[in-house]
Amino acid sequence: MSFKALDGILRTTDERGGRQSLSHKCSELDRQIPQLLGVSKSILEHVVFCHQEDASWPLMEGAVLKRRFDDIFDSTRYVKALEAIKDTRKRYQ
């Protein structure tokens with residue numbers, strides 16, 4: 001039996017130039033890095049850190065391209081929010 005823990009260290013610099021090092025589990029780093037950079041995880045995966053072989057994704061077939069854009073622009077969350085607003089509006093009219 002063996003136990004392996006995947007940890008990472010996140011080093012940041014504040015406005016005054018002071019450095020901070022925080023140790024996190026990899027799953028927590030996956031959530032914190034997009035938040036600190038101010039971009040969504042989808043943009044990091046599909047645009048910033050896109051592998052060279054996947055760089056032609058804008059030329060893919062329609063369904064795959066739509067799914068990619070939905071991920072990048074988080075349109076499913078937007079559509080769900082619109083539906084919730086419409087439902088709430090119907091209930092109060």
Side-chain angles (χ1 to χ4, degrees):
M1 180 185 282
S2 65
F3 176 77
K4 294 181 183 179
L6 297 175
D7 290 336
I9 296 175
L10 182 63
R11 290 191 178 114
T12 59
T13 306
D14 61 14
E15 297 85 26
R16 292 176 270 148
R19 291 185 178 181
Q20 295 179 345
S21 296
L22 301 169
S23 177
H24 296 283
K25 293 191 185 279
C26 285
S27 61
E28 292 174 15
L29 286 175
D30 288 345
R31 282 185 268 130
Q32 286 188 348
I33 289 175
Q35 181 181 5
L36 289 172
L37 292 175
V39 296
S40 70
K41 184 177 179 182
S42 298
I43 289 177
L44 287 175
E45 288 178 1
H46 300 302
V47 179
V48 177
F49 298 118
C50 181
H51 192 275
Q52 183 177 355
E53 293 174 358
D54 296 331
S56 63
W57 66 263
L59 305 174
M60 291 180 172
E61 65 182 50
V64 176
L65 186 61
K66 182 188 180 315
R67 193 170 38 247
R68 227 11 101 95
F69 276 119
D70 287 348
D71 285 346
I72 290 172
F73 296 112
D74 208 9
S75 64
T76 54
R77 195 171 109 194
Y78 176 73
V79 170
K80 288 180 182 179
L82 282 178
E83 289 175 1
I85 290 170
K86 287 179 184 177
D87 291 343
T88 304
R89 180 183 270 171
K90 285 180 184 178
R91 277 189 276 148
Y92 288 107
Q93 287 181 351

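The model shown is predicted, which means the values in this text are computed figures rather than measured ones.
- Looking at Asp87 and Arg91, no side-chain N of the basic residue comes within less than 4.0 Å of a carboxylate O on the acidic one, giving no salt bridge.
- In the hydrophobic clustering of this structure, Val79 does not group with Leu82; members are Ile, Leu, Val, Met, Phe, Trp, Tyr whose side-chain heavy atoms approach within less than 4.5 Å, directly or through other members.
- The distance from the CG atom of Leu37 to the CD atom of Gln35 is 10.5 Å, given to the nearest 0.5 Å.
- For Pro34 against Ser40, the heavy-atom pair with the smallest separation is CB-C, 4.3 Å.
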